[in-house]
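A quick write-up on the structure given underneath.
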Amino acid sequence: MSKKYDFAAIESKWQKYWEDNGSFRASSDHTKPKFYALVEFPYPSGHGMHVGHIKAYSGLEVVSRKRRMQGYNVLFPIGFDAYGLPTENTAIKTGVHPRKVTDDNIVKFTGQLKKVGFSFDWDRVIDTTDEDYYKWTQWIFLKMFENGLAFRDKTLVNYCPSCKVVLSNEDSQGGKCDICHSDIVQKTKEVWYLRITEYADKLLEGLETVDYLPNIKLQQENWIGKSTGAFVNFSVKEHAEETLRIYTTRPDTLYGVTFMVIAPEHPMIQKYRDSIANMDELDNYKAECAKKSEFERTQLVKDKTGVKIEGLTAVNPVTGKEIPIYISDYVMMGYGTGAIMAVPAHDTRDYEFAKKFGIDIIEVIKGGDISKEAYTGDGEMVNSDVLNGISNKKDAIAKMLTVLEKKGCGEKGVQYKMKDWAFNRQRYWGEPIPIVHCPKCGMVPVPYEELPLRLPPVENFEPGTDGESPLAKIESFVHCQCPRCGGNAKRETDTMPQWAGSSWYFLRYCDPKNDKAFASQEEMAYWMPVDWYNGGMEHVTRHMIYSRFWHKFLYDMGLVPTAEPYAKRTAQGLILGPDGEKMSKSRGNVVDPNDVVKVYGADVLRLYVLFMGDYEKAAPWSDSSVKGCKRFADRIWALQEKLVDGDSYSDALRSNMHKTIKKVSEDIEAMKFNTAIAAMMTLLNDIYNVGSVTKKELRDFLVLLYPFAPHIAEELYQQIGCEGVLSEQEWITYDEALCVDDTIEIVLQINGKVRAKLNIPADAEKETVLVQAAAEPKIAEALAGKTVIKEIYVPKKLVNFVAK
RNA sequence: GCGGGUGUGGUGAAAUUGGCAAACACGCAAGAUUUAGGUUCUUGUGCCGCAAGGUUUGCAGGUUCAAGUCCUGUCACCCGCACCA
């Protein structure tokens with residue numbers, strides 16, 4: 001009976017069985033309760049799967065398998081987010097078409113995922129580069145265009161000279177290209193934007209209705225970066241018609257303003273250049289700033305620079321005081337109005353600037369020593385006329401706002417850090433933007449019935465040196481008739497950014513083959529929202545906010561049934577290399593999951609990635625710990641030799657069985673997979689100590705094991721002659737009353753120190769326990785000659801004698 | 001600088017409401033089986049000590065009968081944001 005544990009044969013046997021039987025296909029029976037588990041679909045890179053993918057998918061894999069056993073109709077889909085630069089770069093390098101590269105990689109990934117035995121619904125696979133998919137990406141884009149949320153604007157853009165592509169702010173952080181790490185240069189270009197800022201408040205408010213881990217919510221809040229304050233209009237002495245409008249979060253400090261600062265690019269400078277005496281100096285400064293990379297700007301935080309504008313003077317609207325205006329690169333054109341009122345007494349940046357340029361510093365809030373440093377704390381208002389004596393910041397701000405509004409020189413205002421989403425790339429391997437530029441009609445959408453607007457075949461994927469998309473070189477694609485007037489027109493040749501396809505993929509999974517709509521209302525009404533979404537921390541801001549934005553837009557259009565796409569979101573921690581560093585090819589510390597599957601089997605790989613530590617935390621890979629999981633699997637396999645008849649729990653294992661069922665059931669829900677596995681290991685050790693296992697005990701053990709290591713569990717279930725197949729059985733329940741042992745050990749302490757232990761019946765009375773405890777030789781000895789002041793009794797836990 | 005998080009054995013880590021610190025696993029040591037082992041099994045393993053016993057959760061205080069857990073201060077590391085007005 002006890003054959004060798006031939007994991008390779010067992011795993012392929014059951015993978016075939018599940019596939020042949022469609023075991024994990026989501027059912028179309030909408031009367032059953034549903035559970036929609038979503039994991040971030042992979043980018044099918046040429047490197048194949050990473051152990052990080054395995055960990056990312058194993059979490060909800062366990063939950064999904066358990067849910068099916070609990071009677072849920074489970075949707076656990078997978079797909080491929082396949083547009084993007086790495087594939088295109090491979091194509092440029094090798095000359096192989098990105099379509100072919102993508103298809104090959106998808107085949108590779110699919111094979112690898114299946115070998116791990118994930119219970120994905122393979123009938124619903126999505127490929128974002130499939131024309132039946134990107135047709136709807138384009139369709140949603142056109143809806144946004146119709147509603148004014150997609151627009152073009154001329155701006156300074158971040159341009160990567162190496163990738164020859166315009167990047168979003170997020171893709172060019174630190175002045176480096178996110179893809180090739182070259183230095184970014186600034187360039188003026190007309191680009192596409194999605195007006196995500198219009199949804200800033202909705203995205204923020206929606207967070208109150210969802211169950212995301214607290215740090216995920218916080219990151220999203222910070223990314224949106226809402227601040228409330230006031231806009232204040234300062235007049236300009238030399239030009240009565242002009243107002244210098246600023247944004248501040250601290251209108252209460254208006255009496256402490258001693259100068260103004262505007263960004264070097266502020267339009268006011270050009271407007272009044274004729275009346276500015278030191279225009280040369282200003283131009284020079286501006287040129288200096290433009291040369292600095294973003295990196296240099298942040299490095300020079302401490303050393304403030306700037307130039308006073310000779311010929312423009314601001315007038316404080318509440319005091320009437322005349323104050324100088326400076327330009328400085330510590331004020332950004334991209335936030336607020338590009339101009340600030342400076343209150344050196346209570347802002348560290350303004351303080352540094354004032355010190356350097358010898359400007360007055362006026363204290364308006366008591367509590368600090370402004371001769372030493374700026375005071376940013378709270379306190380009583382001084383030197384502030386009507387505000388004097390107010391000590392509450394909120395009250396002072398409210399009062400100032402009413403003053404400003406009465407005078408008509410300012411009002412309450414709100415600002416966000418979040419910018420509109422730069423939504424185009426000058427690249428080939430992306431969704432074509434379905435817009436036609438007509439000399440007569442302007443921008444005209446491609447008619448819906450003509451979607452998908454297909455990517456034309458191309459010979460050369462190299463982007464043009466002018467930063468244009470390779471599509472611009474294809475005459476047959478570019479030249480077209482205007483859908484509105486029929487005249488000659490040109491197509492938009494930019495494509496959508498990588499984030500587009502993943503912004504709505506969870507909707508397509510609900511109804512992936514629909515050719516009438518991106519998904520039917522009926523299917524979405526049943527499946528949405530996603531019940532549980534798990535993925536990496538690196539996607540909790542951009543991808544999640546982008547997709548929530550698309551979803552909220554569709555909701556406002558009445559096209560999706562829920563205001564939020566994801567009811568719950570968690571995130572797994574990274575798997576680090578054995579050296580504790582982030583895995584990377586250059587470090588040479590990458591672990592290939594295929595190797596692990598080959599040597600130890602998929603079940604062991606699955607067990608290990610969940611056992612290695614707290615699921616949400618980063619943990620280094622350890623080859624020898626993998627062996628520990630292999631040993632666990634081997635010992636489970638060898639249980640067959642300990643099998644005895646019996647369709648109930650033995651006395652020796654009864655409470656252990658119930659305790660373990662409880663522990664594993666609860667830990668899975670809390671994503672504490674490591675302790676769930678530890679509990680099963682403990683039970684296994686207990687079985688070995690007892691020396692035999694009844695069929696009922698082993699069967700139930702296999703049910704617990706199944707979500708984690710389904711192949712070995714299925715095989716043993718069959719080997720020991722149980723009915724049917726394990727994947728179709730019900731999850732098991734426990735009896736709380738049977739989780740307790742008959743006798744328990746309690747700890748006896750004197751003054752908080754453990755002196756002895758005592759075995760008592762679980763239902764022993766307090767009085768009995770105290771008497772027995774005091775009678776314990778060690779306790780009696782230690783208490784001799786002392787007076788017991790207090791006796792603490794914690795039922796089922798301990799007795800503590802406080803003695804003097 | 002701001003925000004969040006983490007500090008526990010040689011290692012990865014456990015530890016409801018404060019209630020036996022170190023579960024589970026790795027590693028290591030000794031032994032058994034195995035003439036070879038990426039085999040299996042047994043025993044031991046926080047630290048000091050022959051032992052009785054003492055002592056231990058980054059550091060310093062505090063609250064409590066009792067603190068890894070609560071409070072105050074402090075140090076280190078990690079992640080996010082960053083001249084955001």
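Note on naming: letters A, B, ... go to the chains in the order of the sequence lines (proteins, then strands), and numbering restarts at 1 for each one.
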For A:Asp347 and B:A82, give me the distance from atom CG to atom C1', rounded to whole Å.
14 Å

With sequence neighbours left out, the residues meeting side-chain hydrogen bond (donor to acceptor under 3.5 Å, both in side chains) with A:Arg548 are A:Gln220, A:Glu564

Side-chain heavy atoms of A:Asn589 within contact of A:Pro578, under 4.5 Å
yes

Categorize A:Val343 for me: base, sugar-phosphate, or nothing, with a 4.0 angstrom heavy-atom threshold over every strand shown.
nothing

For the P atoms, the ones on B:A82 and on B:G3, what distance do you get once it is rounded to whole angstrom?
16 Å

Polar-atom pairs under 3.5 Å, protein N or O versus N or O of nucleotides 65-72 of chain B: list them with distances, or write none.
{"residue": "B:C65", "atom": "O2'", "partner": "A:Asn800", "partner atom": "ND2", "Å": "3.4"}
{"residue": "B:C65", "atom": "O2", "partner": "A:Asn800", "partner atom": "ND2", "Å": "2.5"}

For A:Asn674 and B:A14, is the shortest distance between a side-chain N/O and OP1 or OP2 below 4.0 Å?
yes

Sequence-distant partners of A:Glu411, side-chain contact (heavy atoms from CB on, under 4.5 Å), two or more places apart
A:Phe231, A:Arg245, A:Glu405

Do the side chains of A:Leu387 and A:Leu254 get nearer than 4.5 Å, heavy atoms only?
no

Which atom pairs link the protein and nucleotides 54-57 of chain B when you take only N or O atoms and keep those under 3.5 Å?
{"residue": "B:U55", "atom": "OP2", "partner": "A:Lys753", "partner atom": "NZ", "Å": "3.1"}

Does A:Tyr375 reach the side chain of A:Thr348, with side-chain heavy atoms less than 4.5 Å apart?
no

Quick one: A:Tyr688 OH to B:U42 C1', roughly how many Å, whole number?
15 Å

Just jot down the salt bridge (charged side-chain N to carboxylate O under 4.0 Å, His left out) partners of A:Lys766, sequence neighbours excluded, or say none.
none

Please work out if A:Leu218 contacts a base, only the sugar-phosphate, or nothing of the nucleic acid, heavy-atom cut-off 4.0 Å.
sugar-phosphate

Tell me whether B:G61 sits syn or anti, counting syn as a glycosidic angle within 90° of 0.
anti

Could you give the distance separating B:A52 and B:U72 at their P atoms, to the nearest angstrom?
41 Å

Aromatic centroids of A:Phe7 and A:Trp637 separated by under 6.0 Å:
no

Compare the minimum distances between each of B:A14, B:A85, B:G4 and the side chain of A:Asn215, then state the nucleotide with the smallest one.
B:G4

Given the P atoms of B:G18 and B:A66, what is the spacing between them in whole Å?
15 Å

Tell me the interatomic distance from A:Tyr5, atom OH, to B:U40, atom P, rounded to whole angstroms.
14 Å

How about A:Asp350 and A:Tyr330: does a side-chain donor come under 3.5 Å of a side-chain acceptor?
yes

Looking at A:Tyr247, I'd like to know whether one of its side-chain N or O atoms comes within less than 4.0 Å of OP1 or OP2 on B:A85.
no

Decide yes or no for A:Leu207 and A:Leu203: does some side-chain heavy atom of the first lie under 4.5 Å from some side-chain heavy atom of the second?
no

Any donor-acceptor pair, under 3.5 Å, between the side chain of A:Lys797 and the base of B:C20, if you only look at N and O atoms?
no

Answer whether the closest heavy-atom distance between the side chains of A:Asp201 and A:Tyr416 falls below 4.5 Å.
yes

Close residues, residues 253-260 of chain A, relative to RNA chain B [heavy-atom separation under 4.0 Å]:
none

Pick the C1' atom in B:U11 and in B:G1, then give their distance to the nearest Å.
36 Å

Got a list of protein N/O to nucleotides 25-31 of chain B N/O distances below 3.5 Å?
{"residue": "B:A25", "atom": "OP1", "partner": "A:Asn685", "partner atom": "ND2", "Å": "3.1"}
{"residue": "B:C26", "atom": "OP1", "partner": "A:Arg631", "partner atom": "NH1", "Å": "2.7"}
{"residue": "B:C26", "atom": "O2'", "partner": "A:Ser624", "partner atom": "OG", "Å": "2.8"}

Could you tell me whether A:Asp614 contacts a base, only the sugar-phosphate backbone, or nothing, with contacts defined as non-hydrogen atoms closer than 4.0 Å?
sugar-phosphate

Give every donor-acceptor pair under 3.5 Å between a side-chain atom in residues 747-760 of chain A and any protein atom, sequence neighbours left out.
{"residue": "A:Asn751", "atom": "OD1", "partner": "A:Ala803", "partner atom": "N", "Å": "2.9"}
{"residue": "A:Asn751", "atom": "ND2", "partner": "A:Ala803", "partner atom": "O", "Å": "3.4"}

Pairing residues for A:Lys617 by the side-chain contact (heavy atoms from CB on, under 4.5 Å) criterion, not counting sequence neighbours
A:Asp614

Distance between P atoms of B:G4 and B:G9 (Å, rounded):
27 Å

Rounded to whole angstroms, how far apart are CZ on A:Arg542 and C1' on B:G80?
14 Å

How close or far is atom P of B:C79 from atom CG of A:Asn222, stated in whole angstroms?
17 Å

Going by the rule salt bridge (charged side-chain N to carboxylate O under 4.0 Å, His left out), which residues pair with A:Asp634 if we only count those two or more places apart in sequence or in a different chain?
A:Lys630

Have a look at A:Glu745 and say if it touches a base, only the backbone sugar-phosphate, or nothing, with a 4.0 Å heavy-atom cut-off.
base

Quick one: the dot-bracket string of RNA chain B, using Watson-Crick and G-U wobble pairs with both distances under 3.5 Å, [ ] for crossing pairs and | for bases paired to another strand.
(((((((..(((......[....)))((((((.......))))))(((....)))..(((((..]....))))))))))))....

Specify whether A:Phe357 and A:Phe353 have parallel, tilted or perpendicular ring planes, treating 30° as the upper limit for parallel and 60° as the lower limit for perpendicular.
parallel

Distance-only, no hydrogens or angles: does the A:Asp603 side chain make a donor-acceptor pair with backbone N or O of A:Ile712 under 3.5 Å?
yes

Nearest-nucleotide comparison on RNA chain B, the residue closer to the 5′ end among A:Lys617 and A:Val747:
A:Lys617

What is the distance, to the nearest angstrom, from the CD atom on A:Gln572 to the C1' atom on B:G5?
17 Å

Could I get the full list of side-chain hydrogen bond (donor to acceptor under 3.5 Å, both in side chains) partners for A:Ser624, not counting sequence neighbours?
A:Ser622

If you measure from the C1' atom in B:U69 to the same atom in B:A15, how many Å do you get, rounded?
10 Å

Taking the P atom in each of B:U57 and B:G10, what is the distance between them to the nearest angstrom?
13 Å

If the P atom of B:U74 is compared with that of B:G68, how far apart are they to the nearest Å?
23 Å

Can you work out whether A:Val754 or A:Lys778 has the more 5'-proximal nearest nucleotide on RNA chain B?
A:Val754

Both conditions, 6.0 Å and 45 degrees, for the charged tip of A:Lys417 above the ring of A:Tyr335: are they met here?
no

Starting at NZ of A:Lys672 and ending at C1' of B:C24, how long is that distance when rounded to a whole Å?
13 Å

Is it true that A:Arg569 and A:Glu40 have a side-chain N and a carboxylate O under 4.0 angstrom from each other?
yes

In terms of ring plane angle, is the pair A:Phe701 and A:Phe632 parallel, tilted or perpendicular, where the classes change at 30° and 60°?
perpendicular

Without decimals, in angstroms, what is the distance between A:Lys355 NZ and B:C83 P?
25 Å

